[in-house]
Trainee: 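Sharing a structure, written as structure tokens. Questions coming.
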Number of protein chains: 2
Amino acid sequence: MVNPTGRGLFPSRLYAILDPAEIRGRPWESVLKALLEGGARVIQLRAKELSARELLEVANKGRMLIRTANGQWIVNDRVDVALAADADGVHLGQEDLPLSVARKLVGKEKLIGVSTHDLKQAREAEQGGADYIGFGPIFGTATKETGYAARGVEMLREACRAVKIPVVAIGGITEANVAEVWGAGADSAAMISDLMRAEDVTAKVRRILAIHKKAIGNRQ
Amino acid sequence: MVNPTGRGLFPSRLYAILDPAEIRGRPWESVLKALLEGGARVIQLRAKELSARELLEVANKGRMLIRTANGQWIVNDRVDVALAADADGVHLGQEDLPLSVARKLVGKEKLIGVSTHDLKQAREAEQGGADYIGFGPIFGTATKETGYAARGVEMLREACRAVKIPVVAIGGITEANVAEVWGAGADSAAMISDLMRAEDVTAKVRRILAIHKKAIGNRQ
């Protein structure tokens, strides 16, 4: 089910983050279905407001929807929930469990992604056995207070050169600027707000993937 | 290390809950040492304000201190942290991971306690394989908004009759009323505020254990 190299994770070039607190009161299932319908295939569940029991329920139901679509389902922070829901992976911030600890718990079958904010963290995550890194915040972000200033596209370019594992750019990425991060070499672009707050989530995803095809696809 | 029956968990009759947010700015290590010095041997780590990484660090350091004293170390909520820190057990509220899910993750070697608030939940936890239950809130509580009215000592008595596994009374228990919950049949009394806010934690624990010896010990 899981591609062991990690590189195969991001053929769609979009890393969608589903946050039930950001979806303007809509049912999360409908937003997830809309993401899949639009073509998103790597989706992270981030839901800091939910209890572990609620998170597990979302993770379990979401896994079924995502597997049917041949997508990958990554649970943020909670390694225990990722294991219990048999998600495809877990994503760790710098304040979450350390990579080495999480790897012991999930084994090699599950993907582990690590949020990184500078080249040192990026290299450490690669050396520690991360399957991919998040790198950012690239632009200013409305969703999450990271405590880091915007890294910009040039530092993203350096990060993409610094590691061999896939790099997921994150932080303030929207339909309007996503071509820049792909152009800088990011394997994938993570998006939360621009997706979650979209009136028509399916159409939003389709437009984003069409941008990749048009602006970047021709060069590859 | 762990007593598989669970009953052996509570010879000291005190279930101390260490919450770094409640210790008036003192270092948590000094409070933990004071608890052990006073004679506490079952200690739960509850630290909702800490990140997973911080929680793991406390859990790891605490485990070493507690093992040296032949105590038991229970991590609240986070099954992954309990596993990673090799704690003796994990404690689950009704909003945390379900007992059956947690059991699959931790196996039979680790204790699982479940917070219950009525006889139905108490019986369910026992049938589901919990090693002990918390039951409460017995009195009004200053520490945690449980959403449940005070259960009182009579309902505690019923809970102790309803299940065979150990019952840890919790909620508003202090040095002043702890004899009542032991008198009602509770195997142990959980305390947070009265311990955490004590000027001299060691002396507080000693006084509490002396109350048990004097008021209850004579009858056994």
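No experiment lies behind these values; they were computed from the predicted model shown. All values below come from the heavy atoms of this structure, side chains included, with hydrogens, waters and symmetry mates left out. Chain letters run A, B, ... following the sequence lines, proteins first and then strands; every chain starts at 1.
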Trainee: Return the minimal non-hydrogen interatomic distance between B/P98 and A/R53, and the atom names on each side.
Mentor: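 Looking at all heavy atoms of both residues, the shortest contact is CA-NH2, 3.6 Å.
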
Trainee: On a heavy-atom basis, which atom in A/A84 and which in B/V101 lie closest, and how many Å separate them?
Mentor: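 Shortest heavy-atom contact: CB-CG1, 3.3 Å.
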
Trainee: Nearest 0.5 Å, please: how far is CG in B/L56 from CG in A/D96?
Mentor: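 If I round to the nearest 0.5 Å, the distance is 11.5 Å.
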
Trainee: Taking every heavy-atom pair that is under 4.5 Å apart, which of B/V81, B/L83, B/L92, B/D77 has the most such pairs with chain A?
Mentor: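 Top option by heavy-atom pairs under 4.5 Å: B/D77.
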
Trainee: Identify which part of B/L105 has an atom lying under 4.5 Å from any heavy atom of chain A, answering side chain, backbone, both or neither.
Mentor: side chain

Trainee: Under a 4.5 Å heavy-atom cut-off, does chain B meet the side chain of A/E57, its backbone, both or neither?
Mentor: neither

